[in-house]
Each structure stands twice: as C-alpha cells, then as structure tokens.
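Side chains are part of it too, since the values below use all heavy atoms of this structure and drop only hydrogens, waters and symmetry mates.
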Protein chains: 2
Amino acid sequence: MSDESGITRGRATAEMVAQRANVSRVAVSRAFNPHTSLKPEKRDLILRIAQELNYTPDRAARALVSGRSHLVGVIVPDVCSHWESQEIDALTTALQNEGFATLLFKTRTDYSMDEKLLAYMRGFNPDSVIAFVENVKPTTLARFLDRAVPIYVHYPYPGEADDEEAGPLHDRLNVLQRAGIEQAVALLQGYGAQRIAYVSGLGKSRANTAREQMLRTVMAERGLPPPVIAPSDYSYDMAYAATLDLFRIGQGADAIFAANDVGAFGVLDALRHELGLRVPEDVKVVGFDDIAQSHWKSYNLTTVKFDLAERVRALVRLILRRLNNPAAPALQETLQTRLVVRGTVG
Amino acid sequence: MSDESGITRGRATAEMVAQRANVSRVAVSRAFNPHTSLKPEKRDLILRIAQELNYTPDRAARALVSGRSHLVGVIVPDVCSHWESQEIDALTTALQNEGFATLLFKTRTDYSMDEKLLAYMRGFNPDSVIAFVENVKPTTLARFLDRAVPIYVHYPYPGEADDEEAGPLHDRLNVLQRAGIEQAVALLQGYGAQRIAYVSGLGKSRANTAREQMLRTVMAERGLPPPVIAPSDYSYDMAYAATLDLFRIGQGADAIFAANDVGAFGVLDALRHELGLRVPEDVKVVGFDDIAQSHWKSYNLTTVKFDLAERVRALVRLILRRLNNPAAPALQETLQTRLVVRGTVG
DNA sequence: ACGGAAAATGAAAACGTGTTCATTCTTTGA
DNA sequence: TCAAAGAATGAACACGTTTTCATTTTCCGT
C-alpha cells in the first residue's frame, strides 16, 4: 500500500503482486501453475495484476526448488554447418512451444568431447542435453549430468538394427540409413554406374562410418565392386580437394556418393568448374541430408533425405517423456531415410 | 563421515564438499570465487575435493543471490540464415570464453517483435540481450528486461552518422555501410555499368532501408541514375523470382546489387540458369555480408564484407562493459565495411 | 440440517548459493 | 614485546520461488 506509483525499480516479485491483490504469496505461485487448486476468479485477478506489474516468475528461483530449470543444453561443434543450423532452428522452436529454452554450447570442431565443457555446462543445470558431438559414450556424458538425461543420436551399422539385443541402455534416436542408400544405389545402378566413390565425412564420426559401411553392404548385395573411399571431413573445401585427387591421382569414378550435401556441393563444383566434367552425363552425384540449399539451381542435388521435422519431433518426444517419468526404462525412437531425386543423377 | 562410498545420488552440494574437507560451507563458496581471501592451501584442498565429488556451483542458486545469471539471450528470426548462423556460432564461442552461456530464442520470421516472447524470455533472467530482430525500439525491449540491457545493432542512414547529435540513448553497434558501397559502385561504374538494380531485403527491415538509401545516395553522388528496386526478402527463392520479373516484365539491368549474399545467389542462378545471361559479361552482381559460401566456385561472389569476427568482438565488449558498470552512459561501437572482389564483377 | 469429503488457503520449510558482519588468527612495524 | 592493521574465518541472512502440511471453507448427498 505504500507505493502507489506503478513504477518500481527492478523486477517485480510475487510478494508485490500478492500485496497488491490482497492475497498470500503462495496464491500467486499457484496462479502461475495450472494444476493447483485456486478459485478461478482469484487466479484471474492475480494474473491481471501480474500483467500490470510486468511480473513473471523467476525461473532461477523456480529451478532451485522444483529441480526443473526448463533449459535444454545443445552441444554442437559448428552452429553454422547447414544441417546443424537447420536442426537447431527447428529444435528451438519446438522446445520453446513446450516451455523450454535452448542453451547453446560450442565444442571443439573435431567432434570430440571436452570434459571441461561438460562441467561448465552442468553448472547451468539443464533438464536435458542433446549432443551433436559423436563418439562420446552416453555414460561419459551422463557422469556430468545429474538430473539431466542425455539423448543419443544413433546410427546403427548394417545388421545392427535387426537384432534387438537386450535393448539400448540410454534414450536414443535410431537413424536407419539403409532405405535411402538402397534407393540411391539402385538408381545409380539403373543408369549404369559401376565405379562408385564415397567422399567421406570426418573419419572418426560414427554417422560417417555407419554410412560408409551401409553403402559398402548395399553395393555388395547388388553385386557391385566396393566403393573407392575419398577421405574428407564434411566440408566444402575438403570435398572439393578430395574430388580433384580422386580424378587426378586416383582412378576417377562414374558416380560419387558424398557423406553430406555440403560435401556434394564441393564435389559438384570440382567436377564442373575444375575438371571440366558434366553432371550427370559424365559423373553422377548423390548427397546426404537434403538441406534447404540442395534445391538451389546451381546444384539441384539428388540426395538421401533425413526428415528434419520428423527428427526434431522425435527428439522432443524423447525429452518430454523422460522428464515426465525419470525412472522409465530407456526410450527409443526411429527415423527413416529416403531418396529425393533431382538433377545430379540421370 | 557417514557415507564413504563416493557414489552419492544426485548432485554434489557445497555442504558435502565442506564436510569432506573439514571446512565451512562459506569457504567452499570462496574457493570458487577468485577475489576472496582464503588461504591458498585451503583453496587447493577444496578445489581438489570438489573435483573428486564432481561438484560445480549451481548457477541457479548463484544467480538468485548475486543477480547475475550469466546467460545472454539471443533473439533471432532464423537460426539457419547463413549470416545469422555464422554470427551465433562466433558469439557463442566468445561468450563461452567469458563464462556466459547463449540462450537462444526464435521469434517470428517477419522481423517483428513479439511481446509474449519477451515476457517468456525475461523469466530466464538473462544478463544481456542481443536482438537480431529489427524495427523493435530499444525502449520496448528494455521494458521487458529489468537488469538486462539490450544491445542494438544500428544501421545509420546517409548523413546520420555524421552529426553527433546528443549521443545515442542505448548501447549500440553502428554499422557504417558507406565505405563498402562506395567501393562497389566505383567498381561497377569503372566497368561501365549504368543501369543498376537493387534486389532488396525485407522491406520493413532497417538494415535494408538503410542499405538502399545509402546506395541511392552514393549513386547520385557519382552522377548515376537512381537504382531500380526489385522487392525481395533476403531469401534465395524471392531473389530468384525478383530477378526474373526484373528482366521479363521490367527493363532489366547491367548490374545488380543484392541486399545479402544469399539473395545474390538467387540472382546469379536466375540470370545463368533461367535467363541465359552471362555473369559478369552481360550482368554484374554484388552481394552483401561475405558469408562463408560466397567463395564457393559456383558463385564466387563479389560482395560488401562485414567483418564477422570484428562485429562479434564489438558486441562482447559492449556486453561486458555494461555489466561491469550498469550505470555508465550509453556505450557505442563502430563497424566498417569494405568490398571483397571476386568473380561476379569484371 | 448434518456429516463427510473435497477444495481452497496460508504459514513455514526447503532449494543452494553469495554476502555481510563480527570475530579470531596472523603478520607487520617500531 | 606490544599494538595495530590486515587476512582468514564462520554464523546468520538474503535471494524468489515451490512444496508440504495443517487448517479453514465450500460443496454434496442424505
């Protein structure tokens, strides 16, 4: 009752709202938490006054007592990689709709995990963590996260998805690459391709090795000779250089699989602008991801598509289900792939 | 002394560390805060035991009492826009080095500001906020941030930067576009370009209108007719369509300025793959930003460069200076632009 | 009108830390 | 050797919320 001027310096607190509404401070807390019993008209009054005073519950205080920070940590080596940035974008939107905020952390770009970063991140107390970093065992991650449960994006090797084993130990999203790769190889073979090269991603990355093995397996099944491996690291520049090597030092190829779309762009530019080859007449090219840039006219890339929206939905489902039931057995989601046919095979 | 097994469920607390080290809880707090008086050997002991117990101070609790969340909010319409993603990447790295974490929020893509989002974000108590959203008055932003001070990226209109006026009201980064645009126009004019078109960014955006006005001013100063405006929205697809309109419905042009690099890619692809024109022989093209993709062989774009690293350093400087002295008068930083010459003008 | 169940309410405790303040220990200078 | 200054220390408080628990009020069926 002391200060009638609406302007109070600093942030409004539940106490102020309570005082103004002639209710207890607890009632204010209840007004902001849906599943509590509070007379509707009282709740309305409180919410109205809260809006007047520009009050929102302090999430730090809330986190302290409820054990929920409503923060989701995202660890990523390169925010500006095309696929990553598109996934972060969709993920942030989806999480925001569920009342969570995205906490971004950058780690070394060699796809290894930094224990110092993990300890640092843990200080912020995320409810959950999504790691784009590969080759980090979930158990390592878990050691640094008390309440948070890490979510693992898993790329099964050929055959691995078939045997159910004892079930996974950690929540994970299984990305099944076989379908898309089979379609791509069938298409290439249909156009008469025989010598297929693979411009790889970063050698140590699980996504890459699983991709390469799956390609090798599928090609063997269809009676094709094993692919020539051109080592690269997912980047445009390395893929560009690897393609030059493949044709100038190596034996060349009549079709090239790139480990990701950006790499495929490098392959295309090297073929067309440096080697003077035509795509798809002389060499056919297939990418991985189907990022937004792949339909651009200069590339118009045929590629194995991961459905981004579907993937994000699956991740968010995993997070929410785990948070609702921390003691549940390991959860699992599955994501399929398929070929998107554009102009670089034909 | 009760539990000798190192495994205690849940998170370690300062109390546990204190007990194990035979010191008071306050000492533990001091061990983690550099500028407090604590016997060195005691500090070492505490830090060692903390590491053993995997202890880190809880930032939520710390924020509650110290008023510093060590969170920096970043509001962005599109994480996956090329420039934005590259800036977020660099910003996250720089902030991380200073002990801050990046809190990502996505707003509507029409570059307007959503009050509900602001209220939502405020709940997380960021120490500072960087808004990529344009056309939001800093005062509006400030109303929703108690402790946090918004940082405004400002694109002065022609002449505006010259008069010092009474100084700015809010912390801001001034991006001076004149130098780069002057170099670009001079180069185009040197190659004989007369009819210059501008494929715009999103009409309402301040960056875009300032860019357009600056181009108009510079061209007038050099005796060129005013540019033809082809309305677009920073996207590849719209720039592509706008270019087709320009040549099929409009009068065409012998040089095109695109409001950003991605737009310039759309322009290039439309010219080459749909209109059958050669670049730079028939039409010259200049972009804005100098994103990483601009040196790719398919585009090899001549463009006005904003120095990303410099820009991020300036932003971080602004944040830290403001946090160190909340009462300081409005701070200001300045960023220059310059032309990067590649293959689309010549 | 009555008893019992359900809903509504507020006081007090809890969350894990930084900060203030008074006290104790150590060092310094003459 | 002594006083004074400075460093080191811990008890108590503060931060803003949710949760627990006991109490009061309201509602319902008989």
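dC15(C) atom C1' lies 9 Å from atom CG of Asp58(B), rounded to whole Å. The distance from atom NE2 of His35(A) to atom P of dT18(D) is 14 Å, rounded to the nearest whole Å. If you measure from atom CG of Asn33(B) to atom P of dT9(D), you get 15 Å, rounded to the nearest angstrom. Rounded to whole angstrom, the span from the CZ atom of Phe124(A) across to the P atom of dG16(C) amounts to 18 Å. The separation between Arg68(A) atom CZ and dC15(C) atom P is 17 Å, rounded to whole Å. Put simply, CG on Asn125(B) is 10 Å from P on dG16(D), counting in whole angstrom units. Counting to the nearest Å, the P atom of dT17(D) and the CZ atom of Arg59(A) are 12 Å from each other. Leu64(A) has its CG atom 12 Å from the P atom of dT19(D), to the nearest Å.
No salt bridge links Glu15(B) with Arg20(B); every basic N to acidic carboxylate O contact stays at or beyond 4.0 Å.
Between Ser29(B) and dG16(C), a side-chain N or O to OP1/OP2 separation shorter than 4.0 Å is absent.
Between Ser85(B) and Val79(A), the shortest heavy-atom contact is O-CG1, 3.9 Å.
No side-chain donor from either of Asn324(A) and Arg322(A) sits under 3.5 Å from a side-chain acceptor of the other. For the residue pair Ser24(A) and Arg30(A), no side-chain donor N or O sits within less than 3.5 Å of a side-chain acceptor on the partner.
Judged as a ring pair (Phe, Tyr, Trp, His ring centres under 6.0 Å), and not counting sequence neighbours, Tyr155(A) has no contacts.
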**OP:** Could you run through nucleotides 4-13 of chain C and give me one letter per nucleotide, 5' to 3': B if any protein heavy atom sits under 4.0 Å from the base, S if only the sugar-phosphate is that close, - if neither?
**Re:** ----BBBBBB
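Checking side-chain atoms of Ser81(B) against main-chain N and O of Glu84(B) turns up no donor-acceptor pair under 3.5 Å.
Using a 4.0 Å heavy-atom distance criterion, Tyr55(A) is classed as a sugar-phosphate-only contact.
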